[in-house]
Amino acid sequence: MTDGENGYNFKSGEETTAELYRAGECLYAKKRNGVANAVLNFILIAFIAVVAIELVFNCFYTGIYVVNISMQPNFNGAVRESEPGGDFIYVNKWAQPQYGDVVVVYRDFTLENGTRESGNIIKRVVALGGDTVKIEGGVLYRNGEPVDESKYIFPEYNLPLLNNYDEHVVKENCMFLLGDNRNKSTDSREYGDFELSALVGVVPKWSIATKGISTAIYTFFNFTIFGKY
């Protein structure tokens, strides 16, 4: 609306209300876009962070699915990799093995009967290069002294009549490995010493403590969702 005498331009109430409404809509749209952009930026940053953490984690650790009963009762093993029932654990690829550590090693051996066995196996370190090791009536001796294994070796898995091994000196840069299920484990008693170069990794304590969670997740995705391999 225009004042003809003075040339002023006046707006009616309806026009003013419409302009205010449009201005409000514009501000609301900008605010809504700002929130959407903030959410998208958060999602993008979170995704990048997860990928970065995964890459760093994979530089130090790798996952292993336990097969075989040789580490019972401390670790459950599946009959084969394509079936559920085994524990899923992580190993530190850079850690150096110490006495009592659980390790994963790659073995490629031909047994005395001509059978060739290859692949990853999980065992426990009981002696290192230069050590003298012997098993007598289920008791492990290292350098002439009995080793207390009561934290992880149980009588029903270590029958005295089945567990004897003549004195042996471990080669340098090697490990002597035994399964926790001494009655049913094929280990250094048959394979001999394992070179440190065969080490895949050492199972850290946090992985042992959380193996129930990691196993549940692995089983859910690999067997429940996607079925067998």
Side-chain angles (χ1 to χ4, degrees), residues 25-109 117-125 128 151-152 173-175 177 179-180 187 194-229:
E25 278 191 330
C26 183
L27 289 173
Y28 176 75
K30 288 182 177 179
K31 183 177 180 181
R32 184 175 58 185
N33 290 337
V35 172
N37 288 335
V39 171
L40 289 175
N41 287 336
F42 175 80
I43 293 174
L44 179 61
I45 292 171
F47 175 77
I48 293 173
V50 169
V51 171
I53 292 171
E54 180 74 10
L55 290 173
V56 173
F57 184 85
N58 289 337
C59 286
F60 291 92
Y61 299 96
T62 189
I64 298 292
Y65 184 59
V66 180
V67 177
N68 201 290
I69 62 173
S70 68
M71 288 297 287
Q72 287 182 339
N74 301 307
F75 297 87
N76 293 315
V79 175
R80 55 184 62 88
E81 288 190 19
S82 59
E83 295 185 9
D87 287 332
F88 186 79
I89 56 174
Y90 289 96
V91 298
N92 186 333
K93 296 185 287 188
W94 300 100
Q96 292 301 308
Q98 306 295 326
Y99 296 141
D101 281 346
V102 176
V103 299
V104 173
V105 294
Y106 180 80
R107 57 91 164 83
D108 187 2
F109 284 95
E117 297 185 355
S118 62
N120 292 334
I121 57 173
I122 178 172
K123 303 294 176 185
R124 193 178 295 275
V125 179
L128 297 169
K151 290 182 179 179
Y152 42 81
N173 299 313
C174 289
M175 305 170 286
L177 309 178
D180 289 350
D187 42 43
F194 285 83
E195 295 183 0
L196 289 173
S197 60
L199 181 68
V200 176
V202 178
V203 182
K205 288 183 174 57
W206 65 261
S207 181
I208 296 174
T210 60
K211 64 184 174 68
I213 298 173
S214 59
T215 299
I217 295 172
Y218 180 85
T219 301
F220 178 75
F221 282 103
N222 286 275
F223 297 107
T224 305
I225 297 296
F226 299 108
K228 295 181 180 179
Y229 294 108

Q | Heavy-atom neighbours of Ile48 CD1 exceed 12 at 6.0 Å | A | yes
Closest approach of [X] and [Y], non-hydrogen atoms and distance?
X      : Y      : value
Ala78  : Glu83  : CB-O, 3.4 Å
Val203 : Ile89  : CG2-CD1, 3.7 Å
Lys123 : Ser70  : NZ-OG, 3.0 Å
Val125 : Pro97  : CG2-CB, 4.0 Å
Val67  : Arg80  : CG1-CA, 3.9 Å
Pro84  : Thr219 : CB-CG2, 4.5 Å

Distance check, rounded to the nearest 0.5 Å: [X] atom [atom1] versus [Y] atom [atom2]?
X      : Y      : atom1 : atom2 : value
Asp187 : Asp180 : CG    : CG    : 10.0 Å
Ile45  : Leu40  : CD1   : CG    : 11.0 Å
Asn173 : Leu196 : CG    : CG    : 5.5 Å

Q: Report the residues that fulfil salt bridge (Lys or Arg N to Asp or Glu O under 4.0 Å) with Asp101, sequence neighbours left out, ordered by chain and then residue number.
A: none
With [X] via side chain to side chain contact (heavy atoms under 4.5 Å, CB included) - residues at least two apart:
X      : value
Ser214 : Phe88, Tyr90, Lys211
Val105 : Val103, Ile121, Met175, Leu177, Phe194, Leu199
Ala95  : Asn92, Val202
Ser118 : Tyr106, Asp108

**Q.** Side chain to side chain, Lys93 and Phe60, heavy atoms closer than 4.5 Å
**A.**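 No - every pair of side-chain heavy atoms lies 4.5 Å or more apart.
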Q.
Within the 4.5 Å heavy-atom criterion, are Phe75 and Val102 side-chain neighbours or not?
A.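 SC-SC contact between Phe75 and Val102 confirmed.
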Q) What do you reckon, are the aromatic ring centroids of Trp94 and Tyr61 less than 6.0 Å apart? A)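 No; Tyr61 has its ring centre 6.0 Å or more from that of Trp94.
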Q. Donor-acceptor pair, Asp87 side chain versus Val66 backbone, under 3.5 Å?
A.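 No: the side chain of Asp87 does not pair with the backbone of Val66.
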Q) When you measure from the side chain of Arg124 to the backbone N and O of Gly100, does any donor-acceptor pair fall under 3.5 Å? A) yes
**Q.** side chain to side chain donor-acceptor pair (under 3.5 Å) involving Asn68 - partner list, sequence neighbours excluded
**A.** none
